[in-house]
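Working notes, structure below.
Computed from heavy atoms alone, side chains included, the values below leave out hydrogens, waters and symmetry copies. Small disclaimer: the values here were computed from a predicted structure and weren't measured. Residue indices begin at 1 and follow the sequence shown.
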Amino acid sequence: MIAFVNGAVAALTPTLAVIEVGGVGMAVHCTPNTIAGLRVGEQARLATSLVVREDSLTLYGFAEDDERQVFELLQTASGVGPRVAQAMLGVHSPDALRVAFASGDAKALTAVPGIGPKGAQKLLLELKGKLGAPAPVVGAQRAVASAPAPWTEQLTAALIGLGYASREAEEAVVTVTPQAEAAIASGGSAPVPQLLRAALQSLNRAR
């Protein structure tokens, strides 16, 4: 098993990071949140999980060991493969998932693309208690309420990491804001992977 990779970031796409390790480019599949923290040419350390199939070897990467652990635990549920597990971590942090499973919040799980109401209920039954307890919340909620929405910061950082100027990234975020607000208004969360794709499309049209 490859537990982590450590090296210079050679290339980035919305879902993939290429990390140079000993002269070899390791293709690592990552969530937009993880991609947002990387910069081409800079050193990076990613916790990784190697998924072995008959016809492929796929490496998934995470900013923290906790994310990798949750990624692997999610796959112990029937019907959850690496893509669904990664999608869940693309929408929710490990602690947000722990809270969802601890509280039986099926609505939070249906915010993940590919998970419907029945699938969410099934996951709640199979995984409750397996992810561990969420970290205790300390009293910083007032400051959080006045801060920019986390999805805007994630999306802006991801676009800058892909080589766009700050002004271009901010304009693209404004373009997709109605889409994000509509998702939040319907009771879900801002779907960062879809928003990133939409933002890239708007930037390509503008060029």
Side-chain angles (χ1 to χ4, degrees), residues 1-77 79-94 96-97 111-115 131 150-151 153-166 168-169 172-173 176 189-205 207:
M1 163 143 182
I2 301 174
F4 69 90
V5 294
N6 191 356
V9 180
L12 292 171
T13 76
T15 59
L16 190 76
V18 179
I19 310 296
E20 184 178 347
V21 181
V24 177
M26 306 286 285
V28 187
H29 294 261
C30 304
T31 66
N33 294 351
T34 299
I35 293 288
L38 304 177
R39 299 289 182 273
V40 173
E42 295 185 2
Q43 291 290 121
R45 182 191 184 279
L46 295 177
T48 56
S49 179
L50 180 64
V51 176
V52 179
R53 296 287 185 266
E54 289 184 4
D55 58 349
S56 66
L57 296 173
T58 307
L59 199 60
Y60 291 85
F62 310 91
E64 300 176 356
D65 291 338
D66 186 36
E67 285 185 305
R68 178 186 61 196
Q69 182 181 10
V70 171
F71 172 78
E72 293 173 348
L73 287 171
L74 290 171
Q75 292 176 73
T76 63
V80 177
R83 290 184 180 180
V84 174
Q86 189 179 53
M88 293 173 75
L89 285 165
V91 175
H92 299 296
S93 68
L97 286 172
V112 179
I115 298 180
L131 303 188
W151 72 265
E153 297 178 334
Q154 294 168 6
L155 191 55
T156 301
L159 291 168
I160 293 172
L162 291 170
Y164 291 96
S166 297
E168 290 179 306
V173 169
V176 302
S189 57
V192 175
Q194 292 93 319
L195 293 173
L196 180 57
R197 286 194 289 270
L200 289 170
Q201 289 172 359
S202 72
L203 288 167
N204 289 336
R205 285 195 298 268
R207 287 186 168 183

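Among pairs with a residue in residues 6-20, none fulfils side chain to side chain donor-acceptor pair (under 3.5 Å), at least two apart in sequence or across chains.
Looking only at side-chain heavy atoms (C-beta outward), L195 and V173 stay at 4.5 Å or farther from each other. Between V70 and F62 the shortest side-chain heavy-atom distance does not fall below 4.5 Å. Within the 4.5 Å cutoff, no side-chain heavy atoms of T31 are placed close to those of V91. Inter-residue side-chain proximity for L162 and L200 is flagged as met; some heavy-atom pair is nearer than 4.5 Å.
Of all the heavy atoms in G90 and V192, the pair that sits closest is O-CB, 4.5 Å. Minimum interatomic distance between S202 and A172 (heavy atoms only, all atoms of both residues): OG-CB, 4.0 Å. Heavy-atom minimum distance, P82 versus F71: O-CE1, 3.3 Å. Residues V176 and A199 share a closest heavy-atom pair of CG1-N, 3.7 Å. Of all non-hydrogen atoms in A158 and L196, the two that sit nearest each other are CB-CD1, 4.2 Å.
Partners of Q69 according to the side-chain contact (heavy atoms from CB on, under 4.5 Å) rule, which considers only residues two or more places apart in sequence or in another chain, are D66, L73. Annotation: side-chain contact (heavy atoms from CB on, under 4.5 Å) contacts of A169 (sequence neighbours excluded): T156, L159, I160. A search for side-chain contact (heavy atoms from CB on, under 4.5 Å) contacts involving A17 returns L12, I19, C30, I35, L38, not counting sequence neighbours. By the ring-ring contact (aromatic ring centres under 6.0 Å, His included) test, H29 pairs with Y60, sequence neighbours left out.
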Under 3.5 Å donor-acceptor pairs involving side-chain atoms of residues 46-54, not counting sequence neighbours:
unit_1, atom_1, unit_2, atom_2, d
T48, OG1, I2, O, 2.5
T48, OG1, A3, O, 3.4
T48, OG1, F4, N, 3.2
S49, OG, E72, OE2, 3.0

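To the nearest 0.5 angstrom, L16 atom CG is 11.5 Å from M26 atom CE. Here OG1 of T58 is found 8.0 Å from CZ of R83. Values are rounded to the nearest 0.5 Å. With rounding to the nearest 0.5 angstrom, the CD atom of E153 is 11.0 Å from the CG atom of L155.
Of the possible polar contacts, one joining the E67 side chain to the A63 backbone as a donor-acceptor pair under 3.5 Å is found.
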